[in-house]
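Data first, discussion second: the structure below is written as structure tokens.
Every value quoted in this text rests on a predicted model; they were computed, and no experiment measured them.
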Amino acid sequence: QVQLVESGGGLMQAGGSLRLSCAASVRTFSSYTMGWFRQAPGKEREFVAGISWSSGRTDYADSVKGRFTISRDNAKNTVYLQTNSLKPEDTAVYYCAARLGRLIQRATTFWEYWGQGTQVTVSS
């Protein structure tokens, strides 16, 4: 069983930055591919970024490429999402996810474990 707890969300003005963190309670954190998703009101949950177990591979949604950076610290069982140049359309609940497979999958159905989410609100 994997438990994921996100933190770092909040209210930010457009152009600002936030660093989201996700702490995982699992003994073999380095075995998991990790990802960040987000869900805005009235919309489906969508892929934001993913990172392989060794940090050797990353993937980003086109909407955040160049502004967001995903990273992980396997010694701390934590994955991060640095969000820069925030836009009002980035407003959503951000979820951390984990999967045992090696591939970074963009579809939510491939991810086995989810956190409870952290709210990010960007004002114009």
Side-chain angles (χ1 to χ4, degrees):
Q1 187 70 18
V2 179
Q3 291 186 327
L4 304 172
V5 179
E6 302 97 334
S7 61
L11 175 63
M12 183 59 60
Q13 286 189 332
S17 300
L18 284 173
R19 189 194 196 200
L20 308 184
S21 300
C22 171
S25 297
V26 63
R27 293 177 66 182
T28 57
F29 178 71
S30 60
S31 299
Y32 289 81
T33 296
M34 301 299 296
W36 285 96
F37 290 74
R38 67 187 181 187
Q39 188 167 18
K43 295 187 177 181
E44 293 188 352
R45 192 170 298 188
E46 64 175 3
F47 173 81
V48 174
I51 187 167
S52 65
W53 67 274
S54 65
S55 303
R57 288 179 291 110
T58 57
D59 187 26
Y60 296 92
D62 288 345
S63 58
V64 306
K65 199 171 293 183
R67 300 188 297 122
F68 291 10
T69 302
I70 189 171
S71 61
R72 66 189 292 164
D73 186 338
N74 288 342
K76 295 183 179 180
N77 282 19
T78 302
V79 62
Y80 305 97
L81 185 69
Q82 178 67 43
T83 66
N84 298 328
S85 302
L86 284 164
K87 304 175 181 179
E89 51 263 44
D90 294 320
T91 295
V93 177
Y94 283 70
Y95 296 92
C96 176
R99 65 183 306 271
L100 271 175
R102 290 194 170 194
L103 297 178
I104 301 169
Q105 298 283 0
R106 294 192 172 200
T108 59
T109 53
F110 288 99
W111 297 81
E112 294 135 344
Y113 303 100
W114 295 86
Q116 83 290 348
T118 186
Q119 177 71 46
V120 172
T121 303
V122 184
S123 62
S124 57

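- Here the side chains of E46 and Q39 are not in contact, with every heavy-atom distance at 4.5 Å or above.
- Within the structure, disulfide (SG to SG under 2.5 Å) contacts touching residues 31-77 (residues at least two apart or in different chains) do not occur.
- W53 and I70 are not part of a single hydrophobic cluster, where members link through side-chain heavy atoms under 4.5 Å apart.
- Not counting sequence neighbours, the partners of F47 by the ring pair (Phe, Tyr, Trp, His ring centres under 6.0 Å) test are F37.
- Within a 6.0 Å sphere centred on CH2 of W114, other residues, nucleotides and ligands contribute more than 12 heavy atoms.
- Sorted by first and then second residue, the disulfide (SG to SG under 2.5 Å) pairs involving residues 33-78 (not counting sequence neighbours) form an empty list.
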Solution key, residues 16-28 side-chain donor-acceptor pairs under 3.5 Å, sequence neighbours excluded:
unit_1	atom_1	unit_2	atom_2	d
S17	OG	N84	OD1	2.9

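- Checked by atom type and distance alone, the side chain of T33 never pairs as donor or acceptor with a backbone atom of S52 at under 3.5 Å.
- Residues L86 and W36 fall within the same hydrophobic cluster, defined by Ile, Leu, Val, Met, Phe, Trp and Tyr side chains chained together at heavy-atom separations under 4.5 Å.
- V79 and L100 fall within the same hydrophobic cluster, where Ile, Leu, Val, Met, Phe, Trp and Tyr residues are linked whenever their side-chain heavy atoms come under 4.5 Å apart, directly or through other members.
- Remark: K65 pairs with Y60, D62 by the side-chain contact (heavy atoms from CB on, under 4.5 Å) rule, at least two apart or across chains.
- Pairs of residues two or more places apart, or lying in two chains, that qualify as side-chain hydrogen bond (donor to acceptor under 3.5 Å, both in side chains) and include a residue from residues 87-99 are R38-D90, R38-Y94, R67-D90.
- Residues passing the side-chain hydrogen bond (donor to acceptor under 3.5 Å, both in side chains) test with S71, sequence neighbours excluded: none.
- Looking at every heavy atom in both residues, A14 comes nearest to P88 through CB-CD, 4.1 Å.
- Sequence neighbours left out, not one pair with a member in residues 41-90 passes disulfide (SG to SG under 2.5 Å).
- Applying the disulfide (SG to SG under 2.5 Å) rule to pairs touching residues 44-92 yields nothing, sequence neighbours excluded.
- Hydrophobic clustering of Ile, Leu, Val, Met, Phe, Trp and Tyr side chains at less than 4.5 Å, counting indirect connections, keeps I104 apart from V48.
- For residues 102-111, every residue pair satisfying the side-chain hydrogen bond (donor to acceptor under 3.5 Å, both in side chains) rule, not counting sequence neighbours, is listed here: D59-R106.
- Cluster annotation: V93 is not connected to L81 through the hydrophobic network of ILVMFWY side chains, with a link wherever side-chain heavy atoms come within less than 4.5 Å.
- Using a 4.5 Å heavy-atom cutoff, the side chains of L4 and M34 are in contact.
- A donor-acceptor distance shorter than 3.5 angstrom exists from the side chain of E6 to the backbone of C96, with no hydrogens or angles considered.
- Considering only residues two or more places apart in sequence or on other chains, Q3 meets the side-chain hydrogen bond (donor to acceptor under 3.5 Å, both in side chains) condition with none of them.
- Here the shortest heavy-atom pairing between A92 and A40 reads CB-N, 3.8 Å.
- Applying the under-4.5 Å side-chain rule to Ile, Leu, Val, Met, Phe, Trp and Tyr, the cluster around V5 consists of that residue alone.
- Applying the 6.0 Å contact sphere to OH of Y113 captures more than 12 heavy atoms from other residues, nucleotides or ligands.
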